[in-house]
Amino acid sequence: MTVGKTIRVRDLASARSGDKGNHANIGVVANDEAAYGVLCSRLTAVRVQTHFQELGVTRVERFELPNVLALNFVLYDALAGGASRSLRIDTQGILLATSLLDLTFHANAWEEG
C-alpha cells in the first residue's frame with residue numbers, strides 16, 4: 001500500500017473555538033466553495049469526535065452554514081466540567097480549533113471534492 005500526500009484542514013479553512021459551559025464549539029470557515037465541499041464530505045461529526053476522543057467527548061453535532069461556507073461543531077462534555085471546574089490547561093476550549101486544523105485528509109479528498 002502506498003502512502004499518498006496528505007492535506008490538513010488548515011489548508012482548506014480557518015477555525016475558532018470556545019466554551020459553552022462543559023461543552024465546546026468549533027467554527028470552521030472554508031477558504032472557498034471547493035474547500036467547503038471537501039469539508040462537508042470529509043469533516044464529519046464522527047471524524048471530529050474520533051479526533052477528540054481522548055478528551056472524553058460524549059457526542060458531536062455538526063451544523064452546516066452553506067451561505068458562509070462554514071461548519072459549526074458542538075462537542076459535548078469536552079471540557080472536563082468547564083472553565084470553573086476543570087483542571088485542564090485549556091479550560092475554555094480555545095485551542096481545540098488549532099488541534100482540529102491539524103487533522104489530515106488524503107490529498108485525493110481535495111481532488112475528489
Side-chain angles (χ1 to χ4, degrees):
M1 180 170 138
T2 60
V3 178
K5 181 181 174 188
T6 59
I7 57 173
R8 296 175 296 171
V9 171
R10 78 173 60 254
D11 299 324
L12 306 174
S14 57
R16 295 283 307 236
S17 56
D19 67 302
K20 304 292 182 234
N22 187 34
H23 314 306
N25 75 307
I26 304 173
V28 179
V29 182
N31 295 337
D32 55 37
E33 288 186 27
Y36 182 70
V38 173
L39 292 170
C40 282
S41 68
R42 306 292 177 149
L43 194 60
T44 65
V46 171
R47 183 91 187 258
V48 171
Q49 185 166 353
T50 300
H51 183 71
F52 290 111
Q53 67 186 356
E54 291 181 17
L55 297 180
V57 174
T58 58
R59 181 169 57 111
V60 172
E61 277 188 281
R62 182 179 93 166
F63 300 91
E64 297 179 7
L65 298 96
N67 290 340
V68 292
L69 304 177
L71 300 171
N72 187 55
F73 295 91
V74 178
L75 288 67
Y76 292 90
D77 304 311
L79 300 176
S84 63
R85 298 178 67 191
S86 179
L87 297 177
R88 292 184 183 161
I89 292 171
D90 181 14
T91 61
Q92 297 178 317
I94 294 173
L95 295 175
L96 295 178
T98 302
S99 176
L100 189 61
L101 288 172
D102 285 335
L103 190 143
T104 60
F105 299 114
H106 290 289
N108 68 350
W110 174 259
E111 295 160 6
E112 293 170 6

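Owing to the predicted nature of the structure, the values given are computational and were not obtained by experimental measurement. Throughout, numbering of the chain's residues begins at 1 and tracks the sequence.
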| What are the two closest heavy atoms between Ser41 and Thr44, and how far apart are they? | O-CG2, 4.0 Å

| message | For the backbone of Ile26 and the side chain of Ser17, can you confirm whether one donor and one acceptor N or O come within less than 3.5 Å of each other? | response | no

| query | Are Tyr36 and Asn31 close enough that some pair of their side-chain heavy atoms sits under 4.5 Å apart? | reply | no

| request: Rounded to the nearest 0.5 Å, what's the gap from CZ on Arg8 to CG on Asp102? Could you check? | output: 6.0 Å

| query | What do the steps show when you test Thr104 against Ile7 for side chain to side chain contact (heavy atoms under 4.5 Å, CB included), and what is the final call? | reply | CA-CA 5 Å; Thr104 60; Ile7 57 173; over 6 Å; no

| request: Any chance you could measure Gln49, atom CD, to Leu55, atom CG, to the nearest 0.5 Å? | output: 11.0 Å

| message | Any non-hydrogen side-chain atom of Leu103 less than 4.5 Å from a side-chain atom of Arg47? | response | yes

| query | From Glu33 CD over to Leu69 CG, what is the distance, rounded to the nearest 0.5 angstrom? | reply | 5.5 Å

| Is there a side-chain contact between Leu75 and His23 (heavy atoms, below 4.5 Å)? | no

| field | Flag side-chain contact, heavy atom, 4.5 Å: Val9 against Leu12 | value | no

| So, do Leu71 and Cys40 sit near enough that their side-chain heavy atoms are less than 4.5 Å apart? | yes

| Cation-pi between Arg59 and Tyr76: NZ/CZ under 6.0 Å from ring centre and within 45° of the ring axis? | yes

| query | Side chains of Arg62 and Asn72: does their closest heavy-atom pair fall under 4.5 Å? | reply | no

| request: Quick one: pull up CG in Leu96 and CG in Leu101 and give me the separation to the nearest 0.5 Å. | output: 11.0 Å

| said: As an exercise, state the distance from CZ of Phe105 to CG of Leu39, rounded to the nearest 0.5 Å. | reply: 6.0 Å

| task | Please report the closest heavy-atom contact between Ala13 and Ala30, naming both atoms and the distance. | result | CB-CA, 3.8 Å

| field | Pair Val28-Phe73, side chain to side chain contact (heavy atoms under 4.5 Å, CB included): steps then yes or no | value | CA-CA 8 Å; Val28 179; Phe73 295 91; 4.1 Å; yes

| side-chain contact (heavy atoms from CB on, under 4.5 Å) partner of His51, chosen from Leu100, Val60, Val46 | Leu100

